[in-house]
Amino acid sequence: MYDYAKKVYAEYGVDTEAALAKLKDIPVSIHCWQGDDVIGLDGGGTASGGIQTTGNYPGRARNFDELKADIKKAFSLMPGTKRLNLHASYAVGATVDRDKYEPKHFKAWVDFAKEIGLQGIDFNPTMFSHKNVKDGLTLSSPDEIIRKFWVEHCKACLKIAEYFATEMNSHCLVNIWIPDGFKDVPADRLTPRLRLKKSLDEILSCGYDKNKVIVAVESKVFGIGVESYTVGSNEFYQNYAAKNGICCLLDNGHYHPLEYVSDKIPALLAFYDRVALHVTRGVRWDSDHVVLLEDELKEIAKEIVRNDATEKVMIGLDYFDASINRLAAWIVGQRNMQKALLWALLQPNGKLKALQDESNFTELMVLQEELKTLPFEAVWAEYLNRQKVAGANWYGQIKEYEKTVLNHRS
Ligand code: RNT
Ligand code: ZN
């Protein structure tokens with residue numbers, strides 16, 4: 001089957017061997033929070049302050065050991081180069097508050113990441129599910145004690161990120177997302193943004209190692225309960241990032257449904273060395289459904305691949321579904337990201353670009369449509385085989401894990 005597919009793609013000028021060789025090296029940072037419904041290990045017990053999960057599927061990881069076991073099992077069914085995306089709320093055994101977190105609270109994660117052969121660890125300050133999210137505000141709070149607390153938390157996270165980078169010998173992306181906003185028409189839209197700007201200035205001036213740590217800011221259009229105004233909007237963060245030499249993180253659930261992140265990636269690549277992504281699937285809103293192999297996912301992958309930006313675009317996953325088997329959710333999304341990248345790598349991108357430049361739009365359409373029915377599956381199956389990862393029947397292993405492990409958690 002693969003030999004046949006290889007020939008078919010070759011007729012279109014596509015080298016499947018080159019695609020397979022490239023795919024295995026494109027890192028995908030996998031979020032730890034699909035495993036426990038974003039609850040974390042530092043005591044909150046429930047997700048709050050701008051984060052919501054829905055569903056009650058049995059078997060949620062309730063502690064560090066269960067989460068590790070689930071990650072180990074799920075990651076074993078994911079092909080390619082993997083990184084772990086951690087939130088600060090996953091500190092292990094911390095007895096201090098989040099503003100005082102230290103690398104030692106994350107050593108167990110480093111040991112684990114090394115044990116299962118991950119490329120690196122990425123990190124996120126956790127500015128939700130905590131009592132200091134006051135009136136829905138964190139870094140933009142008018143309460144100086146609150147604002148300072150979160151500034152100190154972010155500074156602590158940058159230190160921890162340096163530690164991850166040193167230990168893993170790979171950069172650490174630190175992504176800043178805050179829930180700050182207002183439910184109804186604000187009286188002042190500027191001052192909260194100026195306070196956020198000041199907070200970011202204070203965080204970035206802590207003297208972190210820029211060779212090891214990459215800082216990103218994640219914007220959002222609105223959230224449940226903050227429908228009228230979001231402090232960390234797209235314009236705010238893009239300008240902040242451009243002026244301060246950090247990068248933007250685009251979460252494809254965070255825009256108007258008719259705005260596309262696939263179109264934003266090349267816009268940012270014209271100005272930035274790096275762009276970070278949270279790949280998710282919003283159904284009518286930022287619902288964080290499992291990533292499916294949809295057209296927009298393929299378009300996102302195409303923008304990364306055909307612009308030769310696989311080292312500039314940092315791909316991370318961000319979804320959480322508590323209504324289905326959580327490991328299956330993880331695996332489906334990660335495999336779909338990889339499938340989309342393979343899809344993009346199997347396009348005759350040079351030829352397609354040339355047709356566009358020649359204004360040969362008829363042939364461009366004809367070719368793009370023909371490409372949709374080439375024997376993609378055979379190349380994907382070959383990839384899984386070479387990666388020594390279960391093929392299309394992987395779900396059997398998860399059903400077994402559910403029976404023997406998950407169902408014993410009550
Ligand atoms: C929330 C943001 C944010 C979170 C994670 C858990 O709308 O997308 O990235 O989902 O940090
Ligand atoms: Zn996100």
Side-chain angles (χ1 to χ4, degrees), residues 29-75 84-101 105-106 108-109 112-113 121-134 136 138 149-150 153 156-157 160 175-179 218 220 223-225 251 253 278 280 286-291 316-331 333-334 398 401-402 405-410:
S29 194
I30 300 145
H31 54 316
C32 70
W33 52 89
Q34 165 59 50
D36 74 333
D37 310 342
V38 211
I39 287 173
L41 302 172
D42 71 351
T46 48
S48 65
I51 294 286
Q52 267 177 295
T53 45
T54 51
N56 219 348
Y57 201 82
R60 180 183 77 78
R62 298 162 301 179
N63 53 51
F64 183 46
D65 286 336
E66 290 179 356
L67 187 56
K68 275 195 300 185
D70 292 357
I71 289 175
K72 207 167 173 176
K73 181 70 200 170
F75 281 33
L84 180 64
N85 201 2
L86 278 183
H87 242 286
S89 54
Y90 290 81
V92 181
T95 50
V96 291
D97 211 342
R98 288 184 189 165
D99 57 334
K100 304 250 162 28
Y101 281 1
H105 301 120
F106 293 88
W109 279 112
F112 177 63
I121 300 178
D122 297 307
F123 202 42
N124 305 260
T126 311
M127 293 181 270
F128 52 82
S129 304
H130 190 280
K131 62 180 187 331
N132 283 354
V133 179
K134 191 180 169 199
T138 62
F149 174 84
W150 292 113
H153 173 57
C157 286
I160 295 160
N175 175 51
I176 297 179
W177 176 74
I178 55 168
E218 178 183 12
K220 184 157 171 164
I224 299 272
D251 178 313
H278 267 181
T280 186
D286 182 30
S287 59
D288 288 301
H289 278 67
V290 176
V291 169
L317 305 176
D318 180 16
Y319 52 84
F320 27 100
D321 193 333
S323 74
I324 56 176
N325 182 299
R326 293 170 184 80
L327 283 86
W330 245 330
I331 296 161
Q334 192 272 356
I398 293 301
Y401 188 80
E402 179 168 304
V405 180
L406 302 180
N407 286 349
H408 299 282
R409 297 175 187 167
S410 49

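Note that these values count all heavy atoms, side chains included, but never hydrogens, waters or copies made by symmetry.
Of all non-hydrogen atoms in Tyr101 and Ala94, the two that sit nearest each other are CE1-CB, 3.7 Å. Between Phe106 and His87 the shortest heavy-atom distance is CE2-O, 4.2 Å. Residue Ala156 comes nearest to Asp99 through the heavy atom pair CB-O, 4.0 Å, listed as atom of the first residue, atom of the second, then distance. Nearest heavy-atom pair, Pro179 versus Gly50, reported as atom, atom and distance to 0.1 Å: CB-CA, 4.2 Å.
Remark: Ile51 CD1 to Ser129 OG distance equals 7.0 Å, nearest 0.5 Å. In this structure, CH2 on Trp109 lies 9.0 Å from CD1 on Ile121, to the nearest 0.5 angstrom. With rounding to the nearest 0.5 Å, the separation of NE2 in His408 from CD in Glu402 is 10.5 Å. Atom-to-atom distance recorded for Asn85:CG and Leu317:CG is 8.5 Å, nearest 0.5 angstrom. With rounding to the nearest 0.5 angstrom, the NE2 atom of His31 is 12.0 Å from the CG atom of Leu86. We find the SG-CZ distance between Cys157 and Phe123 to be 4.5 Å, quoted to the nearest 0.5 Å.
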For Leu84 and Ile71: C-alpha separation, side-chain torsions, deciding distance, then whether side-chain contact (heavy atoms from CB on, under 4.5 Å) applies.
CA-CA 9 Å; Leu84 180 64; Ile71 289 175; 4.2 Å; yes
Checking Asp251 against Lys220 for the salt bridge (charged side-chain N to carboxylate O under 4.0 Å, His left out) test, could you report, in this order, the C-alpha distance in whole Å, the side-chain angles of both residues, the deciding distance, and whether it holds?
CA-CA 8 Å; Asp251 178 313; Lys220 184 157 171 164; over 6 Å; no
Trace of the salt bridge (charged side-chain N to carboxylate O under 4.0 Å, His left out) decision for Lys100 with Asp97:
CA-CA 6 Å; Lys100 304 250 162 28; Asp97 211 342; over 6 Å; no
The test is side-chain contact (heavy atoms from CB on, under 4.5 Å); show your working for Asn124 and Trp177 and say whether it passes.
CA-CA 8 Å; Asn124 305 260; Trp177 176 74; over 6 Å; no
Audit row: Asn175, Asp122, side chain to side chain donor-acceptor pair (under 3.5 Å) steps and yes/no
CA-CA 8 Å; Asn175 175 51; Asp122 297 307; over 6 Å; no
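Side-chain contact between Ser323 and Asn56 is absent, with no heavy-atom pair separated by less than 4.5 Å. Counting heavy atoms from C-beta on, the side chains of Val92 and Asp42 never come closer than 4.5 Å. With a 4.5 Å cut-off on side-chain heavy atoms, Val133 and Met127 do not count as touching.
In this structure a side-chain-to-backbone donor-acceptor pair under 3.5 Å is missing from Tyr319 to His278. Although no hydrogens or angles enter the test, the distance criterion places no donor-acceptor pair under 3.5 Å between the side chain of Trp330 and the main chain of Phe320. A donor-acceptor pair under 3.5 Å links the side-chain atoms of His153 to the main chain of Arg98, judged by distance alone. For the pair Thr126 (side chain) and Ser89 (backbone), a donor-acceptor distance under 3.5 Å is present.
Evaluated for a salt bridge (Lys or Arg N to Asp or Glu O under 4.0 Å) with Asp70, the options Arg62, Arg409, Arg60 yield exactly one hit, Arg409.
Evaluation of the ring pair (Phe, Tyr, Trp, His ring centres under 6.0 Å) rule for Phe149 yields His130 as partners, not counting sequence neighbours.
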Listing, residues 32-40 side-chain donor-acceptor contacts under 3.5 Å, not counting sequence neighbours, or none:
unit_1	atom_1	unit_2	atom_2	d
Trp33	NE1	Asp318	OD1	2.9
Gln34	OE1	Asp321	N	2.9
Gln34	NE2	Asp321	O	3.1
Gln34	NE2	Arg326	O	3.4
Asp36	OD1	Val38	N	3.3
Asp36	OD1	Tyr90	OH	2.4
Asp36	OD2	Ile39	N	3.4
Asp36	OD2	Gly40	N	2.7
Asp36	OD2	Tyr90	OH	3.2
Asp37	OD1	Arg326	NE	2.7
Asp37	OD2	Arg326	NH2	3.1

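Side-chain contact annotation: Thr280 with Asp288, donor-acceptor N/O pair under 3.5 Å present. Counting only N and O atoms by type, the side chains of Ser287 and His289 include a donor and acceptor under 3.5 Å apart.
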